[in-house]
Visitor: 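My structure is below; once you've seen it, I'll send some questions.
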Amino acid sequence: MTTSYKDTLNLPRTDFAMKAGLVEREPQRLQQWESNKLYQQIQESRRGAPRFVLHDGPPFANGDVHIGTALNKILKDFVVKYKTLRGFSAPYIPGWDCHGLPIEFKVSQEMRKEFEAQWTQSRKPLQDSWKDEHDPVLVEEVTKQLKQKEFLSPQNIRARCLENAQHFIDVQRRQFRRLGVLGDWDNPYLTLDKKYEADELRLFADIVEKGFVYRAKKPVYWCIVCRTALAEAEVEYAEHVSQSVFVKFRVVGQPKTFIVIWTTTPWTLPANLAVAYNKDLQYVTAKVGEENFILFRGLLPAVAEKCGWTNYTETPFPTEQFATIEYDHPFCQRRGKAYAADFVTSDTGTGFVHIAPGHGLEDYGLGLKHGLPIYSPVGDRGCFVHTNDLPAEQQLPETLFGKSILEKNGKSEANDAVLALLREKNSLLHQENYSHSYPHCWRSKNPVIFRAMDQWFIKIDHAQFRERALAEIDRVSWIPDWGVNRIKGAVQSRPDWCISRQRAWGVPIPAFLDGEKWILNGEMIRHFADLFEQHGSNFWFEKSASELWSLVKPRDWKGEQAVSKSNDTLDVWIDSGSSSRSVLKQRKELQHDQKTGDEIWQADVYLEGSDQHRGWFQSSLLLSLAGNGAAPFKTVLTHGFIVDADREKISKSKQAQGGYDKPQTAEAYVKKYGADVVRLWVASQDYRNDIVVSEERVNKVGETYRAIRNALRYQLSNLYDFNPAQHTVADDQLTGLDRWILGAFSKLEAEVITAYDQYEFHFVYQKVSQFVAVELSAVYHDAIKDRLYTDPANSRRRRSTQTGLYRLVRGLCAMLSPVLVFTTDEAWEFIPENGGASVHLSTWQPRPFALTEREEQTWRRLFAIRPAALACLEKERQAKSIGKALDAKVILDGSAQVLGELTDEEKESLRELLNVSQLILSRQPEGNELTVEAVKADGQKCERCWHWETDVGAEPEHPLLCGRCVAAVRLAVP
RNA sequence: GGAGGCGUGGUGGAGUGGUUAAACACACCGGACUUAUAAUCCGGCAUAGUCGUGAUGGGCUAUCGAGGGUUCGAAUCCCUCCGCCUCCGCCA
């Protein structure tokens, strides 16, 4: 074609790039948002609007943002942005969980390394005078431990933890922002904030005053060498050889009759208070010589062999009799009973488990159930001691007092002493080495012990609290609905809440010891809340017990004087769980001003992973119910976990083991694909199930992204000369094709809104991507090229289509803006006369666009014809008789029943739909068969519009043009 | 140990009683266009058995983890089994 004709076409123009370049472009836009204070602008623009509060569950301030954490944040951002888009005032206050073991663990690990390095450097040779009297190795060891304890003092650890937490808050904040998540990033809530800690303590004070909190013993892992309680994460399992023993317990009132127990920890026998049996097992009495031994029938042969019973008879022992049986402790002055327990197994031992509630979790549970004392006669140094849990005469014998449990070369004083006692009392049936997996301290590598320690608890069954919590659960909407079972199960089965931790990095429990009894008092706690709000909780660690006591002691205090302070901190679940008080009730921007009662502060939505049913959802519910009198949320949304291409979960620990090559930080994906593609991938996943992340999937989503971007680009590029104020065509003046697409789009809008309202983002993804691929790309965009390019620029038909495109591009940008935050904002700027404001400031209230009954029917007919016609065209193309569809003439033969009575305009719509130059409808009176024929079009190809027309060359001035183009050219070239 | 989820074509993923052998996309193959051009459009594309031969096309049957059941009719409802995965068990 000659250039002059090409210049008369309205070819698309736009600077909206086809290539997204997200990785480079997104950070620029982000910067723009931040310097314009976009988040603040949005909040300002929604002032006075109905409020919608999504309360952020605080991620742990540790490490880079994991892809799973990113998923969570992005889902939250979808909700917040969607609600904002629909006109709500939806503030987002991000939070961080700052205290807790993982940080303290990491920090103390680092500090220990530092200490080791310093120690090695500064070590001095021992003085000669010491060498004579003391074991030099021991002296050095003791000195080292003292120094280390000093180096790792709570104050030092806390300082370093703070530094560490703050560092990672910054890192994560940057990474969250990069994902396009908008929020009040400059004013997040941090569980380490003075104000937060203070409000947390005030909530705690309420709960204490209401009588929920009590002190009791509970077994924890304890490392004798490190003299510290260990969390499960600090325990590693290793093979260990234990001195296992078979011991006989004399049955009361039945001479020469014994229950046989087996244990791998003889040192726990002094704490034995009961035995457990399994009521589903069959027990027998084995008569060996004069003695009778009761044990599980299935293990009798094994036990007999070990104990050297060559000649014995067995008689069944009815399980019911255990209910009344009592036995004498082999070397303590007390008696025990037998209790049924499911955990008694039939594969090792004797069918009886020796129960020491102070030394095992299962034992503890059984002890609680039956009201046994939690007797744990072991001190911090791992030596036997006397305690207050039993009357003096029932305590362990003097010979054991002071004996150490600490093992050296597989032996311990305590075990040896117990074994000696058992032999002395003729109670030891057999002893052997037993190799098994046993928990060890991760640092000292020593076997850990289970030891009951005083802990603070929240009583769950206080004042019918459990029932009230379950009732409250029913008032909350759980999505997906199985979540309600999860949380109910968690609340139903949970034991009392152990809220104290023997840890430094946390909120101190402001309790005092008066020498014997603990003082935990609501008024004093509130006093400390005020002090901490001013000075921070380091105050507790810096001041002495007497200083603190004198500060908060009520004037009218009549009780004992405190002599020491608690060293425990609150379980971090109390930290994050009290956010209802510290955040929801505090932040002005989170109040539902138009509501009353609890609804003023209650959050509309919590949205976390399914593990939080037992975690944050539960701790928040329980604390808010106990302290505020209501659940903190109205709806709880849950998502599954990220798994990799092999459907295995992606975990941090896995990477720590090394050799894990699948990227699992959010940053890795953002750097490769850009945040919008990552966000689109999140939207594409049905988060209620496991979410699969892999290069392949993200890539695929990238294809969809390109399709959407291209559709937007096509629309923008054809709006370059469109001014909505001047050129918009009224609904009833729009051409059929434009009315059709707007009708279809209106349906899409309704579906998308439903999907968003139900938090089903993957339907948004599916519906939109399908619409883009089918209705837009394959049909509408293809069909309208001709009129857009070749009609006179200001013709009604072209303006009609531009009106359609304008509405489409605005609607698409709006509906996608919660997902494609960067791309839609970019495209928004290119929409004519859009005022330069961000898409994120706009609202989306789609106006329904309904087609008439007749239109609906006609388009159904036209689309029924299309596949047959396209097939026909394809056949001709294969036969090389035509190239593109415009080279063809299509002849349709069918009854009126099939084709309907088409108006000229409808017929023209069909021609456009098929993209052919000519369409002939020849009606047969009878039959409902539709026949389609495609032939080479009549006339000649117009140089300008490529249509084949019979009037090409009719105008001598433009011998290569059709009549329509001649008219257009005359208009275009003045 | 407890709780929950999943199993559809080469892949992702729609589909919960018939209009679905199965939307849409990706991958792959073939074609068109050069006026969305690092784009766009069109077509093809499951496996097995079987019939048959007017032959590079057609008919029938089975198959949506396996088996059984309900129903006129099932990927879709019920049961059993197999396989996979996740969460929880005081780590957050």
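Below, read A as the first sequence line, B as the second, and so on, with proteins coming before strands; counting in each chain starts at 1.
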Visitor: Send over the distance from A/W482 CH2 to B/rC85 C1', rounded to a whole Å.
Guide: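 Computing the A/W482:CH2 to B/rC85:C1' distance gives 13 Å.
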Visitor: B/rC41 P sits how many Å from A/L886 CG, rounded?
Guide: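 So the CG-P distance, A/L886 to B/rC41, works out to 15 Å.
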Visitor: Taking for each residue the nucleotide of RNA chain B bearing the nearest heavy atom, is the 5' side occupied by A/Y364 or by A/A885?
Guide: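 Nearer the 5' end of the strand: A/A885.
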Visitor: When rounded to the nearest 0.5 angstrom, what distance separates SG in A/C945 from OH in A/Y5?
Guide: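 It comes to 11.5 Å.
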Visitor: Just to be sure I understand the rule, does A/N710 reach a base, reach only the sugar-phosphate, or reach nothing, if contact means heavy atoms closer than 4.0 Å?
Guide: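 Here A/N710 touches the bases of the nucleic acid.
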Visitor: What is the base-pairing partner of B/rC91, counting Watson-Crick and G-U wobble geometry with both distances under 3.5 Å?
Guide: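 Result: none.
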Visitor: Select base, sugar-phosphate, or nothing to describe what A/F763 touches, counting heavy atoms under 4.0 Å on all strands.
Guide: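 A/F763: backbone/sugar contact only, no base atoms under 4.0 Å.
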Visitor: For A/D575 and B/rA92, give me the distance from atom CG to atom C1', rounded to whole Å.
Guide: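 Distance check: A/D575 CG to B/rA92 C1' gives 11 Å.
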Visitor: Under 3.5 Å for both donor-acceptor distances, Watson-Crick or wobble: does B/rG58 have a partner, and if so which one?
Guide: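 Partner of B/rG58: B/rC51.
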Visitor: At less than 4.0 Å, is any side-chain N or O atom of A/K6 found next to OP1 or OP2 of B/rU35? Yes or no.
Guide: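 For A/K6, the contact criterion (side-chain N or O under 4.0 Å from OP1 or OP2 of B/rU35) is met.
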Visitor: Could you work out which one of B/rA14, B/rC87, B/rC24 sits closest to the side chain of A/Q766?
Guide: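 From the listed options, B/rA14 comes nearest.
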Visitor: P atom, B/rA22 versus B/rA75: distance in rounded Å?
Guide: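 Each nucleotide's P atom is 12 Å from the other's.
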Visitor: Without decimals, in angstroms, what is the distance between A/R486 CZ and B/rG89 C1'?
Guide: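 For the pair A/R486 CZ and B/rG89 C1', the rounded distance is 13 Å.
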Visitor: Are A/R709 and A/F16 in a cation-pi contact, defined as NZ or CZ under 6.0 Å from the six-membered ring centre and within 45° of the axis?
Guide: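 Relative to the ring axis of A/F16, which defines the angle, A/R709 lies inside both limits.
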Visitor: Using atom C1' in both nucleotides, what's the gap between B/rA23 and B/rU8 to the nearest angstrom?
Guide: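 It works out to 13 Å between them.
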Visitor: Contact class for A/N10 vs. all strands (heavy atom < 4.0 Å): base, sugar-phosphate, or nothing?
Guide: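 Nothing: the residue A/N10, judged by heavy atoms under 4.0 Å, touches no strand.
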Visitor: For B/rG5 and B/rG9, measure between their C1' atoms and round to the nearest Å.
Guide: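 So the two C1' atoms sit 23 Å from each other.
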Visitor: Should B/rA22 form a Watson-Crick or G-U wobble pair with both distances under 3.5 Å, which nucleotide is its partner?
Guide: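 WC or wobble partner does not exist here.
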Visitor: Measure from the side-chain heavy atoms of A/R501 and tell me the nearest of B/rU35, B/rG13, B/rA92.
Guide: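 Given the options B/rU35, B/rG13, B/rA92, the side chain of A/R501 is closest to B/rA92.
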Visitor: Have A/W616 and A/E608 got a donor and an acceptor in their side chains that come within less than 3.5 Å?
Guide: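 Looking only at side-chain atoms, A/E608 and A/W616 do not form any donor-acceptor pair under 3.5 Å.
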Visitor: Using a heavy-atom cut-off of under 4.0 Å over every strand shown, decide if A/G883 touches base, sugar-phosphate, or nothing.
Guide: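 Touches sugar-phosphate only.
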Visitor: Once you round to the nearest 0.5 Å, how far does CG of A/L192 lie from CG of A/D575?
Guide: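 Rounded to the nearest 0.5 Å, the CG-CG separation comes out at 9.0 Å.
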Visitor: Using the C1' atoms only, state how far B/rG10 lies from B/rG54, rounded to an integer number of Å.
Guide: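 These two C1' atoms come out 36 Å apart once rounded.
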Visitor: Using both distances under 3.5 Å as the test, list the Watson-Crick or G-U wobble partner of B/rA75, or none.
Guide: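 Paired with B/rA75, as far as the under-3.5 Å criterion goes, is no nucleotide at all.
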Visitor: Quote, to the nearest angstrom, the C1' distance that separates B/rC45 from B/rC29.
Guide: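 One C1' to the other, the span is 8 Å.
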Visitor: Taking atom C1' in both B/rG68 and B/rG13, compute the distance separating them and give it to the nearest angstrom.
Guide: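 Nearest-Å result for B/rG68 against B/rG13 at atom C1': 29 Å.
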Visitor: Between B/rG4, B/rA36, B/rA32, spot the one nearest the side chain of A/K880, thanks.
Guide: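 Output: B/rA32.
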Visitor: Between A/H639 (NE2) and B/rU86 (C1'), how many Å, whole number?
Guide: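 So the two atoms are 13 Å apart, to the nearest Å.
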Visitor: Can you tell me, in whole Å, how much space there is between the P of B/rC6 and that of B/rA46?
Guide: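 Going atom to atom, P in each nucleotide, I get 29 Å.
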Visitor: With sugar-phosphate meaning primed atoms plus P, OP1 and OP2, does A/S777 contact a base, only sugar-phosphate, or nothing at under 4.0 Å between heavy atoms?
Guide: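 Base contact.
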Visitor: Ring-plane angle category for A/Y687 and A/H639, please: parallel below 30°, perpendicular beyond 60°, tilted otherwise.
Guide: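 The rings of A/Y687 and A/H639 stand perpendicular, inter-plane angle above 60°.
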Visitor: Between atom CZ in A/R697 and atom P in B/rC26, what is the gap in whole Å?
Guide: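 My rounded result for the distance is 16 Å.
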Visitor: By nearest nucleotide on RNA chain B, pick out whichever of A/D887 and A/L870 is the more 5' one.
Guide: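 Of the two residues, A/D887 wins.
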Visitor: For A/F617, which of A/D611, A/L622, A/I487 qualifies under side-chain contact (heavy atoms from CB on, under 4.5 Å)?
Guide: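 Of all the options given, the one that passes is A/I487.
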Visitor: Given B/rA92, B/rC24, B/rU37, which nucleotide is nearest the side-chain atoms of A/D611?
Guide: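 Of the options given, the side chain of A/D611 lies nearest B/rA92.
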Visitor: Can you tell me if A/T14 and A/R713 form a side-chain donor-acceptor pair at under 3.5 Å?
Guide: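 There is no such pair between these side chains.
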Visitor: Identify whether any heavy atom of A/H613 sits under 4.0 Å from a base atom; if not, whether one sits that close to sugar-phosphate; answer base, sugar-phosphate or nothing.
Guide: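 No contact.
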Visitor: A/E696 side chain: which of B/rC42, B/rU11, B/rA25 is closest?
Guide: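 Between B/rC42, B/rU11, B/rA25, the one nearest the side chain of A/E696 would be B/rU11.
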Visitor: Choosing from B/rG43, B/rG12, B/rU37, which nucleotide comes nearest the side chain of A/R713?
Guide: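 The listed nucleotide nearest to A/R713's side chain is B/rU37.
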Visitor: Look at the side chain of A/Y789 and decide which nucleotide, out of B/rU35, B/rU34, B/rU11, has an atom nearest to it.
Guide: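 Per side-chain heavy atoms of A/Y789, the pick is B/rU35.
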Visitor: Among B/rC42, B/rC87, B/rU35, which nucleotide has an atom closest to any side-chain atom of A/A778?
Guide: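 From the listed options, B/rC42 comes nearest.
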Visitor: Which whole-number value in Å describes the distance from A/L776 CG to B/rC41 P?
Guide: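 So the two atoms are 11 Å apart, to the nearest Å.
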Visitor: Using purine N1 to pyrimidine N3 plus N6-O4 or O6-N4 for Watson-Crick, or N1-O2 and O6-N3 for G-U wobble, both under 3.5 Å, which nucleotide pairs with B/rG17?
Guide: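 Because no pair has both required distances under 3.5 Å, B/rG17 counts as unpaired.
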Visitor: Return the CZ to CG distance between A/F830 and A/L716, rounded to the nearest 0.5 Å.
Guide: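 CG of A/L716 is found 7.5 Å from CZ of A/F830.
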Visitor: Can you tell me the pairing partner of B/rU40 across any strand shown, Watson-Crick or G-U wobble, with both distances under 3.5 angstrom?
Guide: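 Partner of B/rU40: B/rA32.
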Visitor: So, under a plain 3.5 Å distance rule, would you say the side chain of A/K785 forms a donor-acceptor pair with the base of B/rU40?
Guide: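 Answer is no: no donor-acceptor pair is held.
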Visitor: Counting the atoms with a prime plus P, OP1 and OP2 as sugar-phosphate, which does A/K700 contact under 4.0 Å by heavy atoms, base, sugar-phosphate, or nothing?
Guide: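 Base: the residue A/K700, judged by heavy atoms under 4.0 Å, touches a nucleobase.
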Visitor: Base, sugar-phosphate, or nothing for A/W497, non-hydrogen atoms under 4.0 angstrom?
Guide: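 If one applies the 4.0 Å heavy-atom cut-off, A/W497 turns out to touch nothing in the nucleic acid.
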Visitor: Take atom NZ of A/K875 and atom P of B/rG44, then tell me their distance rounded to the nearest Å.
Guide: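 Nearest whole value for this atom pair: 13 Å.
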Visitor: Give me the one residue out of A/L680, A/V701, A/V23, A/N699 that meets side-chain contact (heavy atoms from CB on, under 4.5 Å) with A/Y673.
Guide: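 It is A/N699, the one option of A/L680, A/V701, A/V23, A/N699 that forms the side-chain contact (heavy atoms from CB on, under 4.5 Å) with A/Y673.
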Visitor: Measure from the side-chain heavy atoms of A/K19 and tell me the nearest of B/rA38, B/rC41, B/rU86.
Guide: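 My answer, after comparing the listed nucleotides, is B/rA38.
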Visitor: Write down the distance separating the P atoms in B/rC24 and B/rU20, rounded off to the nearest Å.
Guide: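 Each nucleotide's P atom is 12 Å from the other's.
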Visitor: So if I take every side-chain heavy atom of A/Q770 and compare against B/rU35, B/rA23, B/rC33, which nucleotide ends up nearest?
Guide: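 So the side chain of A/Q770 is nearest to B/rA23.
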